[in-house]
Amino acid sequence: MGRTIVITSGKGGVGKTTATANIGTALSLMGRSVVLVDADIGLRNLDIVMGLEGRVVYTSMDVVEGKCPLAKALVRGRTDNLRLLAASQRNNKNDFPPERMKEICDELKESYDYVIIDSPAGIEQGFLMSTASATEGIIITTPEVAAIRDADRVIGLVQSTGIDKPLLIINRLSAEMIEKGDMMGPEDILDVLAIDLVGIVPEDREIIVSTNKGLPLTLSKNSRSGEAYKRIARRIDGEDLPIPDLKENGFLSKLVGIFRGG
């Protein structure tokens, strides 16, 4: 049986869908079979970020309504081991029975190593549906007070669904801004959120270009954020890949080195 992981956040715009696309792609490059499930019913952005919008014929709603079998709704990704189950744009989250999403994810994990669910931001129906379908969780936040506050609330809600030990990704971190005192550092963020850190992704303008092109940065060479997502994928897969001690002197210089591929 595969692993079912929900990627979520309290605040929109923190990079959750980009993280889903890049982590899924990185795991597939490692030889793992991966299916990404877009649970943002009514909006549907994951196919665009992955550059697969032109390939989507059926959605998860078509599966629920019996218009096609689950296997037929899966879209082949940019690697042999990667598939996407797109969300419907013509429906809203209340049209999708939460128990059906769980049934779909349970069926998928019988055939795939990883089922990764891109949860809608916020704590409404889509969030509840996504978290109920997963056994593991990853919270995305940026180093902003509002995002961290929302992440703190979401962590508690995720844990209340039975996901005891969600992991944290800090996105869009700038070592230079931390050094100047203009941004919260990882240690401060972890003091607030009190969950395990699985990775740090640097501020990277290439993300915007990547999203517009529909090409995850984990497929690119010499991308700081792409390399960060590859390391995150390796940690998720069980590799003992250390994260620098955040309380150790010289952490900022080490952080810069990591962002440059160190």
Side-chain angles (χ1 to χ4, degrees), residues 3-24 36-46 49 87 92-99 101-102 105 115-174 177-178 182-203 207 225 228-229 232 235-236 243 246-247:
R3 296 166 59 185
T4 310
I5 304 172
V6 62
I7 296 183
T8 190
S9 65
K11 182 178 181 294
V14 298
K16 173 180 51 58
T17 298
T18 298
T20 302
N22 279 283
I23 291 171
L36 305 182
V37 177
D38 190 344
D40 204 351
I41 312 298
L43 291 179
R44 199 179 99 183
N45 290 317
L46 186 54
V49 172
N92 62 56
K93 298 172 183 66
N94 294 323
D95 295 332
F96 205 112
E99 63 274 11
M101 177 61 79
K102 186 176 188 308
C105 292
V115 179
I116 302 180
I117 306 167
D118 182 22
S119 168
I123 56 174
E124 298 177 351
Q125 177 72 11
F127 169 83
L128 297 174
M129 175 179 65
S130 303
T131 52
S133 303
T135 56
E136 301 175 54
I138 295 175
I139 314 296
I140 309 285
T141 191
T142 52
E144 303 163 4
V145 173
I148 294 166
R149 181 188 63 186
D150 289 348
D152 189 36
R153 186 180 183 193
V154 164
I155 288 167
L157 293 172
V158 167
Q159 290 173 328
S160 71
T161 68
I163 300 173
D164 296 328
K165 296 181 179 180
L167 300 173
L168 179 69
I169 293 175
I170 302 173
N171 194 22
R172 299 175 188 162
L173 200 71
S174 168
M177 290 185 70
I178 296 171
D182 295 332
M183 177 179 285
M184 291 180 68
E187 183 181 342
D188 297 322
I189 295 170
L190 291 178
D191 282 345
V192 174
L193 299 182
I195 62 173
D196 290 338
L197 181 68
V198 72
I200 297 170
V201 181
E203 181 67 62
I207 286 286
S225 54
Y229 279 120
I232 290 169
R235 293 188 189 103
I236 291 171
I243 298 175
L246 305 187
K247 296 181 180 179

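The model shown is predicted, which means the values in this text are computed figures rather than measured ones.
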Any side-chain heavy-atom pair of L157 and T131 under 4.5 Å: no
With a 4.5 Å heavy-atom cut-off, do I189 and P143 have their side chains touching? yes
Where do T4 and C105 come nearest, in terms of heavy atoms and distance? CG2-CB, 4.2 Å
Please name the pair of heavy atoms, one in I236 and one in R3, separated by the smallest distance, quoted to 0.1 Å. O-NH1, 2.7 Å
Using a 4.5 Å cut-off on heavy atoms from C-beta on, say whether the side chain of L173 contacts that of P186. yes
How far does CG of D38 sit from OG1 of T20, to the nearest 0.5 angstrom? 8.5 Å
4.5 Å side-chain heavy-atom contact, F127 and V6: no
Side-chain heavy-atom pair I41, D95 within 4.5 angstrom cut-off: no
Minimum heavy-atom distance G10-V154, with the two atoms named: CA-CG2, 3.2 Å
Answer whether the closest heavy-atom distance between the side chains of S133 and I117 falls below 4.5 Å. yes
Inter-residue atom distance T17.OG1 - R44.CZ, 0.5 Å rounding: 13.0 Å
How far apart are the closest heavy atoms of I139 and A151, and which atoms are they? CG2-CB, 4.1 Å
Please give me the minimum heavy-atom distance between S225 and I207, naming the atom from each residue. OG-CD1, 3.7 Å
Spacing of I5 atom CD1 and S130 atom OG [to the nearest 0.5 Å]: 14.0 Å
Between K16 (side chain) and I140 (backbone), is there a donor-acceptor pair under 3.5 Å? no
Gap separating the CE atom of M183 from the CD atom of E144, nearest 0.5 angstrom: 7.5 Å
To the nearest 0.5 Å, what is the distance between CG on L46 and CG on D118? 5.0 Å
Which atom of I155 lies closest to which atom of P166, heavy atoms considered: CG2-CG, 4.3 Å
Do V14 and T141 have side chains that approach each other closer than 4.5 Å (heavy atoms only, starting at C-beta)? no
Should I23 and I169 count as side-chain neighbours, where that means a heavy-atom distance under 4.5 Å? yes
Check whether R235 reaches the backbone of V198 with its side chain - one donor and one acceptor, N or O, closer than 3.5 Å. yes
If you round to the nearest 0.5 Å, how far is CD of E136 from CD1 of I163? 8.5 Å
